[in-house]
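Given the structure is predicted, the values throughout are model-derived calculations rather than measurements. Chain A is the first sequence line, chain B the second, and so forth, proteins listed ahead of strands; every chain is numbered from 1.
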Amino acid sequence: MPQYQRPTGTLDILPEEQPYWYHVRSRARHLAELAGFERMDVPIFETTEVFARGVGAGTDIVDKEMYSFEDKGGSPITLRPEFTAGIVRAYIENGMHVRSQPVKLYTFGPIFRYERPQAGRYRQHTQFNVEILGEQDPIADLEVMLLAWDLYADLGFRDLAFQLNSTGCPQCKPQYVSLLKAYYDERYAQACDDCHRRLERSPLRVLDCKSKQCQPIIAAAPHIADHLCPECEAHFAALRQYLELLERRYTINHLLVRGLDYYTKTVFEVWAAGIGAQSAVCGGGRYDGLAELLGGPPTPGVGFGSGMERIILVMQELDVEAPPIPSPAVFLVHLGAPAKRKALELTYALRTEDVSAWISHGDRGLRSQLREAGKRAAHYAVILGENELASGVASVRDMEAGEQVDVQLSDLVTWLKEHVRGRLSVPNTSR
RNA sequence: GUGGGUGUGGCCUAAUGGUUAAGGCACCUGGUUGUGGCCCAGGAGAUUGUGGGUUCGAAUCCCAUCACUCACCCCA
């Protein structure tokens, strides 16, 4: 029974799980940069107000899921429950509106929400986040969506399709909301208790209620897509056209309304199996009013967040393997104190030449050391004992072939470097 | 916040209420002078999540608590 356990809803990511993380991060980074997105990192915590205003009082995230506290100076601080509000704050604070617009940004990092954990849901999870700021053209919506799509396709996801909807703008959304409320007023008694609460707090959410009794009501409810203003209508139509042009499958989902207050026009998700009752690996949309809400210049924006843990769960569900992290190129075996000193010198000489090298720790028998070399899947074991030191020749054992050759100690580093070249590359590690 | 399920060495699993809680994987050490993987032998590792209770006796029954897990709410 361990004395200390990790806090509820957090994850230890062990070495054997790292290949997935390396791979997803490295592909995401590659594809983002290929599409002209630049990396920008923002703090893990912000002044509470950034999220309270940005995400919106009344949302579950703000009302009951934030990790908020006062720091030692008494400032209200919140661990970020999502990326967008912080990114927009940074855009404003750093005067990024004076750069060539749009600004295309991506980042990775931990996100915190106080929720009851379940399959595919954690209190600390990691998101890959992408935003385009300063562009109202629906081509920006398309660009962020394509990046999500291309990443999942690259990672081996099958049967991709976007869930797509438009939630209108301050012009047309309120009218639709009144329409929907009026519709529900007539059926109030048939709706479930949760929906009664939703009608007060965030009326659009009644549309994705799962209770059986609400299904008939939902099925006949008016669609927001039929009540968009001409501008939103045109935006939505253009986006759909682009998606069709590029043959990215999508489903218009009239029930897709995302939980955060700031969404305008486009909202989308990508669904996948293998993440428990959760369906979305990716969720995002447009937030044209957010920058102003946070005190900045009017700046349209569109982006998405994608949960890394969920991506990896889906990959595992699909039996997608991640490229392994290379094992050591050379394992140095030594017998006797003088040989140990020589082995130590060689180890560091190899590492200086970018050849990964393990030196056997302790003072054990040859058998035991070779056993370890095998277990660590080293490509070569270099054996140094009294004989080798005396003759100036090391025994170099190819662990896979089980064959052994003699190599002059003076040539050893060069010889290993030659033989190891091309077999190994240490993967890029980004946070 | 609500509801269901589950807690036995690092991992997986066994033990009709009855001796020192058993096995497998993994780990460590050996198997004649200095050669890995297979095999063989040995070793280390558990107050059965925790705290109470019932009982002559509890891993086993009861209560509480904590954790994990699944689902709801909500979300990536």
Side-chain angles (χ1 to χ4, degrees), chain A residues 1-12 14 16 55 58-65 80-84 108-130 148 192-195 197-198 201-202 205 208-211 256-260 268-272 275-284 303-314 331 333-336 339 360 362 364-378 380-389 395-404:
Chain A
M1 179 63 199
Q3 190 171 9
Y4 298 112
Q5 297 171 272
R6 61 179 184 267
T8 296
T10 61
L11 240 34
D12 296 319
L14 304 181
E16 51 271 33
V55 178
T59 60
D60 276 21
I61 288 183
V62 171
D63 288 356
K64 48 185 211 191
E65 295 180 359
R80 65 183 174 213
E82 61 121 40
F83 263 113
T84 305
F108 293 100
I111 295 292
F112 304 86
R113 288 179 202 166
Y114 188 88
E115 305 179 272
R116 287 290 289 270
Q118 68 190 73
R121 172 186 298 156
Y122 312 95
R123 287 187 177 174
Q124 176 182 331
H125 76 276
T126 311
Q127 283 190 15
F128 170 50
N129 184 264
V130 169
C192 71
D193 289 347
D194 280 338
C195 280
R197 277 193 293 108
R198 291 186 181 106
R201 305 182 55 187
S202 58
R205 301 217 59 83
D208 65 358
C209 177
K210 283 166 209 151
S211 93
L256 182 68
V257 291
R258 299 189 40 76
L260 315 186
F268 69 95
E269 294 185 350
V270 176
W271 290 357
I275 46 182
Q278 273 55 246
S279 49
V281 273
C282 160
F304 71 82
S306 186
M308 300 274 289
E309 290 81 359
R310 287 190 186 177
I311 292 176
I312 289 167
L313 283 173
V314 173
F331 190 93
V333 170
H334 48 81
L335 299 157
S360 172
R364 293 171 295 152
L366 182 59
R367 174 195 207 81
S368 169
Q369 295 188 54
L370 277 176
R371 211 176 252 171
E372 182 180 355
K375 216 147 16 197
R376 299 201 184 280
Y380 293 101
V382 169
I383 300 165
L384 294 170
E386 283 175 33
N387 301 343
E388 285 76 7
L389 288 191
S395 301
V396 178
R397 184 173 181 84
D398 181 324
M399 294 301 286
E400 207 172 327
E403 287 159 7
Q404 214 159 296

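- Rounded to an integer number of Å, the gap from D60(A) CG to A76(B) C1' is 15 Å.
- Taking the P atom of each, G4(B) and A46(B) are spaced 35 Å apart, rounded to whole Å.
- Atom CZ in R113(A) sits about 14 Å away from atom P in C74(B), given to the nearest Å.
- Proximity of a side-chain donor or acceptor of R310(A) to a complementary backbone N or O of G120(A) within less than 3.5 Å is detected.
- Between the OG1 atom of T8(A) and the CZ atom of R116(A) there is a distance of 8.5 Å, given to the nearest 0.5 Å.
- Of all nucleotides listed (C74(B), A76(B), C73(B)), C73(B) comes nearest to the side chain of D194(A).
- At C74(B), one or more side-chain N or O atoms of R198(A) fall inside 4.0 Å of OP1 or OP2 (strictly under the cut-off).
- When the P atom is used for both U16(B) and A22(B), the distance is 14 Å, rounded to whole Å.
- Computed from coordinates, the D12(A) CG to C11(B) C1' distance equals 15 Å when rounded to whole Å.
- Atom CZ of R310(A) and atom C1' of C75(B) are 6 Å apart (whole Å).
- The base-pairing partner of A14(B), taking Watson-Crick or G-U wobble contacts with both distances under 3.5 Å, does not exist among the strands shown.
- The closest side-chain heavy-atom distance from R197(A) to D194(A) is below 4.5 Å.
- The residue G365(A) sits apart from the nucleic acid: no heavy atom pair falls under 4.0 Å.
- When every heavy atom of N129(A) is checked against every heavy atom of G305(A), the shortest pair comes out as ND2-CA, 3.9 Å.
- Atom name P, nucleotides G17(B) and A58(B): the rounded distance is 14 Å, in whole Å.
- Here the separation of G34(B) from A41(B), taken at their C1' atoms, is 22 Å to the nearest Å.
- Residues C282(A) and F268(A) meet the side-chain proximity criterion, which asks for heavy atoms closer than 4.5 Å.
- G9(B) sits 10 Å from U48(B) when the P atoms are compared, rounded to a whole Å.
- Looking at E115(A), its side chain never comes within 3.5 Å of a backbone N or O of E65(A) through a donor-acceptor pair.
- Nucleotides U54(B) and C11(B) are separated by 33 Å at their P atoms, to the nearest Å.
- A donor-acceptor pair under 3.5 Å is formed between the side chain of E309(A) and the backbone N or O of T126(A).
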Self-check item: Criterion side-chain contact (heavy atoms from CB on, under 4.5 Å) on V382(A) and F331(A), from CA distance to verdict
Solution: CA-CA 6 Å; V382(A) 169; F331(A) 190 93; over 6 Å; no
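- Taking 3.5 Å as the limit, the base of C73(B) and the side chain of R197(A) contain no donor-acceptor pair of atoms between them.
- Rounded to an integer number of Å, the gap from R258(A) CZ to C75(B) C1' is 8 Å.
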Pairs under 3.5 Å (N/O, protein and nucleotides 35-43 of chain B):
from: U35(B); atom 1: O2; to: R397(A); atom 2: NH1; distance (Å): 3.3
from: U35(B); atom 1: O2; to: Q404(A); atom 2: OE1; distance (Å): 3.0
from: U35(B); atom 1: N3; to: Q404(A); atom 2: OE1; distance (Å): 3.1
from: U35(B); atom 1: N3; to: Q404(A); atom 2: NE2; distance (Å): 2.9
from: U35(B); atom 1: O4; to: Q404(A); atom 2: NE2; distance (Å): 2.9
from: G36(B); atom 1: N7; to: R397(A); atom 2: NE; distance (Å): 3.3
from: G36(B); atom 1: N7; to: R397(A); atom 2: NH2; distance (Å): 2.8
from: G36(B); atom 1: O6; to: M399(A); atom 2: O; distance (Å): 3.0
from: G36(B); atom 1: N1; to: M399(A); atom 2: O; distance (Å): 2.3
from: G36(B); atom 1: N2; to: M399(A); atom 2: O; distance (Å): 3.3

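- For the P atoms, the distance from C27(B) to C68(B) is 29 Å, rounded to whole Å.
- In terms of position on RNA chain B, the residue among E269(A) and A119(A) whose nearest nucleotide sits closer to the 5' end is A119(A).
- Across the protein-nucleic acid pair, R376(A) atom CZ and C27(B) atom P stand 10 Å apart, rounded to whole Å.
- Of all nucleotides listed (C70(B), C75(B), U29(B)), U29(B) comes nearest to the side chain of R364(A).
- Residue F128(A) is out of contact with every strand shown, counting any heavy-atom pair closer than 4.0 Å.
- Toward the 5′ end of RNA chain B lies the nearest nucleotide of K210(A), the other residue of the pair K210(A) and C282(A) mapping further downstream.
- Nucleotide U65(B) forms a pair with G49(B), judged by Watson-Crick or G-U wobble geometry with both contacts under 3.5 Å.
- Pairing of G1(B), defined by two Watson-Crick or G-U wobble distances under 3.5 Å, is identified with C72(B).
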Pairs under 3.5 Å (N/O, protein and nucleotides 64-67 of chain B):
from: A67(B); atom 1: O2'; to: Q5(A); atom 2: NE2; distance (Å): 3.2

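- Distance R121(A) CZ to A71(B) P: 9 Å, rounded to the nearest Å.
- R113(A) is listed as a side-chain neighbour of E82(A), based on a closest heavy-atom distance under 4.5 Å.
- Taking side-chain N and O atoms only, S368(A) has a distance below 4.0 Å to OP1 or OP2 of U29(B).
- At whole-Å resolution of the value, CD in E65(A) and C1' in C75(B) are 7 Å apart.
- Both distances falling under 3.5 Å, in either a Watson-Crick or a G-U wobble arrangement, place U29(B) opposite A41(B).
- Among the heavy atoms of the strands lying under 4.0 Å from R205(A) are primed sugar atoms or P, OP1, OP2 only; no base atom is included.
- With P as the reference atom, U8(B) and G51(B) are 16 Å apart, rounded to whole Å.
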Quiz item: Can E269(A) and R258(A) be said to form a side-chain contact (heavy atoms from CB on, under 4.5 Å), step by step?
Solution: CA-CA 9 Å; E269(A) 294 185 350; R258(A) 299 189 40 76; 2.5 Å; yes
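- In this structure, the side chain of Q369(A) does not engage the main chain of L366(A) through any donor-acceptor pair within 3.5 Å.
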Quiz item: Is there a side-chain contact (heavy atoms from CB on, under 4.5 Å) between Y114(A) and R123(A) once you walk through the steps?
Solution: CA-CA 5 Å; Y114(A) 188 88; R123(A) 287 187 177 174; 3.1 Å; yes
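- Close to C73(B), at under 4.0 Å from its OP1 or OP2, lies no side-chain N or O of R116(A).
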